[in-house]
Each structure stands twice: as structure tokens, then as C-alpha cells.
Amino acid sequence: MIRQRLTILGATGSIGLSTLDVVSRHPDRFEVVALTGHQRMAELAEQCRKHRPRYAVTCDAAAADQLAVILGTEARGIEILWGEAALEQVAALAEVDAVMAAIVGAAGLKPTLAAVRAGKRVLLANKEALVMAGRVFMGAVSQSGAQLLPIDSEHNAIFQSLPADYAGNLARSGVRRILLTASGGPFRSIPLDQLQRVTPEQACAHPNWVMGRKISVDSATMMNKGLELIEAHWLFNAPAELIEVVIHPQSVIHSLVAYSDGSVLAQLGNPDMRTPIAHALAYPERIDAGVAPLDLFDVAQLTFERPDTARFPCLELAYRALQAGGSAPAVLNAANEVAVAAFLDRRLPFLRIADVIARVLDRVPAMAVEDLESVLSADRIARETAQTVIAGLTG
């Protein structure tokens, strides 16, 4: 068997760790060519020892030096690189077949786009790439012939529930609507008057999933579902009015597709990211992901709720940005990243996250987006505006 050669962008994050766990279970199928990490050099060094990539990429020269020191003589045979250009380089390597795009936030846009432009099989866990630059990104996919496979559990579930020959036309495929499920996060049922006092630790304590801090906060505000709404729009050519968010606290049904004949197809499984990762890594085959089989008798019941927009205003803001189009989703994403970082640093109360995003959307008008430069310009302006808004709210 010819092994699939992989670059893993964001190897030390939760998606990267889960990817390497699946890869480790199938050494006959996969070969790691490049690993990248941002801050956790001890973890990246351990991954390098185990998987022996040809390249290891860090965020800056200091981190690269730190990694080299930790590895010592074990660095022999591994080229240590650093910086944005190096991320793009390992994403587009000629000897790489597939790229796991798992760098969180806007930082993942350029290397993910580099992988797409190189015509790779791209396993997309970085939702911000599509949120910020959907038109540019999907245009690059079409031009290069890259294969895009979604890793978010919800989009992977939709992908599995659509016809195998789906070609971007929901009506022609008999699809009536797409149902994105959401757990509701840790604050789904607590009294609204208590949200003002929630801490970063509480917001990061997701009831079902193991995720990074930023994504955990996005789940608590339901901005993650708003970003996934925009991502689904681009992945499946679905207008906003055909995408509905459904709160499903058990996180067993990962998403559903409703058809015009009354059928509803769903993908179910235990809440473990190794399932969609294994699906994309081996697609169209199926391989062991190390995930326990779903026991329906143990689950016992599945419940569903409509989102409470008073509790989750970020979801409405995402719909607003998608309908505005152009640079509005990039502005939404940038404002959210800045606001969440301020909350995690204890500089902004939890309920102010949505306030910041709404004010930035009001102040930064949506512009047409035709190229990456216009996306990055909108992102920069939105971040500067968000910092100004936060200073005004907390000063």
C-alpha cells in the first residue's frame, strides 16, 4: 500500500493531536512529512521524535531555536523552519498528498489557501478560511482542482448525508434544507442574569467536546455555529434561508439534511473529533478511528431545541454578516477573535463579546471582496476597530 503523505498545520492543537492519534493507528497508510506548532514546543518536539517529519515549522525564530534545543541531536534529519512563509511552503510541498488545515483563526488562512492553490487534498478544520474569504477560497479550489473535505463534525456530517454525486445544487439533489446541530455549550440553561459573571474557566468547560480555549468560548456564545453557518454556505452552495441551527444537547446527531420527499438523513456518533478526521483521511474508505461505537441504549433519548436569540445574539450577528456578504463575514470573524481574546484575558465581560462584534459590524461597512488583499485589509480594519470599541467599553 502506498502511504498518504501528510502535512499537519496546527499539530499541537486539539485537532492536530486527534489527527496524529488516528495516523498512529495506521502506520501502513500514512506518513507525516511536516508538522507545525505555535507555542507548545515541548509537545511539538515529542511529536517530531515519534513521527520523524522532514519539516517542523514554528511561529518565529525564538520558538525554532527552542525546538532545536529540546530536540538536540534528535533534530538530525528534521529541517526546522519558522514564520508565515514556511507555513505556506510546507502546505504546498510537492511530495505532500494531503494537508490537515487545523490552525485556529485568521492565522490559518494563508497556509490553507496555499495548500488549495497547490491542488492538495485539504482536510479543512480551519473554518475561518471560508468565513473570511469564501469567494476567494472556493474560486481557488475550482481553479486548482483541490479536493476539499470538511473536518468540523457538523459539516462532515452534512457531507456524509448529501448524495455522493452532489455537485453544488441543493434543489437538483432534492434537498429542502440543511440542519446544523449545536450542543448549546455550557450556558444553555443557566439563568440569563448569571451570564454577566461567568469566567473564562466556565466558558471553556464544554459539556461534550474537548476543544481549545478560543473554540470553547465560541461554543459558549454560539458564534461557532454562526461561523459554521457561513462555512456551510460556501461548502455546499447553500443560501442562508436553507440552513437552520438546531440545539441538540447530547451531541450525538452531528447534523442532518432534509429532503423534498420528507426524508431526513443524519450522521450519528459519539462526540469525538477522531471520527470526522478518520473519515476525511481515508475517504472514500472507512478506517478505525479509535472511537467507541455509539450505544443508542446508553444514549436513551435525543432532544432538540430552537436557539434562544436573547441568550445567543452572536448567532443572529452571523446571519446578518452572511446576508450582508462581501467583507462582512471577515469583519465578524476579526471582531470575534479580538473580543474572545479580551474575554480570555479577563479584560472584557462575557456578555460584551456580542456587543463588540455588533458595534464593529456597524462601524466597518461591508465592501466587495475580489482578492486576498481585500480580505486581509477588512480583517485589519476590523481588528483595529474592535480594539477601539473594547477600550471604550472597559476604559
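All values derive from a computational prediction rather than experimental measurement.
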Ion pair present between [X] and [Y], side-chain N to carboxylate O less than 4.0 angstrom?
X: Lys225; Y: Glu154; result: yes
X: Glu128; Y: Lys214; result: yes
X: Glu84; Y: Lys110; result: yes
X: Arg274; Y: Asp21; result: yes
X: Arg29; Y: Glu285; result: yes
X: Arg117; Y: Glu88; result: no
X: Lys127; Y: Glu231; result: no
X: Asp355; Y: Arg352; result: yes

**Request:** May I ask you to decide if Ile151's main-chain N or O and Asn156's side chain share a donor-acceptor pair within less than 3.5 Å?
**Result:**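 Side chain of Asn156 to backbone of Ile151, a donor-acceptor pair under 3.5 Å: no, none is there.
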**Item:** N/O donor-acceptor pair under 3.5 Å between Ser251 side chain and Pro271 backbone
**Value:**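 No, Ser251 side chain to Pro271 backbone: no donor-acceptor pair under 3.5 Å.
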**Request:** Report whether Ile8 and Val96 are members of the same hydrophobic cluster (ILVMFWY, side-chain heavy atoms less than 4.5 Å apart, transitive linking).
**Result:**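 Per the 4.5 Å side-chain linkage, Ile8 and Val96 are not co-clustered.
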**Message:** Starting from Ile381, can I reach Val331 by hopping between I/L/V/M/F/W/Y residues whose side chains sit under 4.5 Å apart?
**Reply:**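 In one cluster: yes.
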**From Asp152 atom CG to His254 atom NE2, the distance as rounded to the nearest 0.5 Å** =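 Going from the CG atom of Asp152 to the NE2 atom of His254 covers 12.0 Å.
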Of all the heavy-atom pairs spanning [X] and [Y], show the shortest one and how long it is.
X: Leu294; Y: Gly269; value: CD2-N, 4.0 Å
X: Gly37; Y: Met41; value: O-CE, 3.9 Å
X: Ala45; Y: Ile70; value: CB-CG2, 3.5 Å
X: Ala280; Y: Leu149; value: O-CD1, 3.5 Å
X: Ala64; Y: Thr58; value: N-OG1, 3.2 Å
X: Ala382; Y: Val364; value: CA-CG2, 4.4 Å

Is a donor from one side chain sitting under 3.5 angstrom from an acceptor on the other, for [X] and [Y]?
X: Thr12; Y: Gln47; answer: no
X: Asn336; Y: Asp218; answer: yes
X: Asp371; Y: Ser374; answer: yes

[atom1] of [X]: more than 12 outside heavy atoms within 6.0 angstrom?
X: Met367; atom1: CE; answer: no
X: Glu305; atom1: CD; answer: yes
X: Trp234; atom1: CH2; answer: yes

**Asked** Could you go step by step and tell me if Phe187 and Thr221 meet the side-chain contact (heavy atoms from CB on, under 4.5 Å) rule?
**Response** CA-CA 8 Å; Phe187 306 138; Thr221 64; over 6 Å; no
**Message:** Consider salt bridge (charged side-chain N to carboxylate O under 4.0 Å, His left out). Of Arg5, Lys120, Arg3, which one does Asp97 pass it with?
**Reply:**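 Exactly one option meets the salt bridge (charged side-chain N to carboxylate O under 4.0 Å, His left out) with Asp97, and it is Arg5.
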**Request:** Return the set of residues passing salt bridge (charged side-chain N to carboxylate O under 4.0 Å, His left out) with Arg135 (not counting sequence neighbours), or none when no residue passes.
**Result:**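 Not a single residue meets the salt bridge (charged side-chain N to carboxylate O under 4.0 Å, His left out) criterion with Arg135.
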**Item:** Residues in salt bridge (charged side-chain N to carboxylate O under 4.0 Å, His left out) contact with Glu384, at least two apart in sequence or another chain
**Value:**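 Checked Glu384 against salt bridge (charged side-chain N to carboxylate O under 4.0 Å, His left out); zero matches.
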**Prompt:** Taking the six-membered ring for Trp, are Phe236 and His155 parallel (under 30°), tilted (30 to 60°) or perpendicular (over 60°)?
**Reply:**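 Phe236 and His155: parallel rings.
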**Message:** I'd like to know whether Val245 forms a side-chain contact (heavy atoms from CB on, under 4.5 Å) with Met222, so could you lay out the CA-CA distance, the side-chain angles of the two residues, the decisive distance to 0.1 Å, and finally the verdict.
**Reply:** CA-CA 10 Å; Val245 174; Met222 274 190 73; 3.7 Å; yes
**Asked** Is the distance between the ring centroids of His279 and Tyr283 less than 6.0 Å?
**Response**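 Ring centres of Tyr283 and His279 closer than 6.0 Å.
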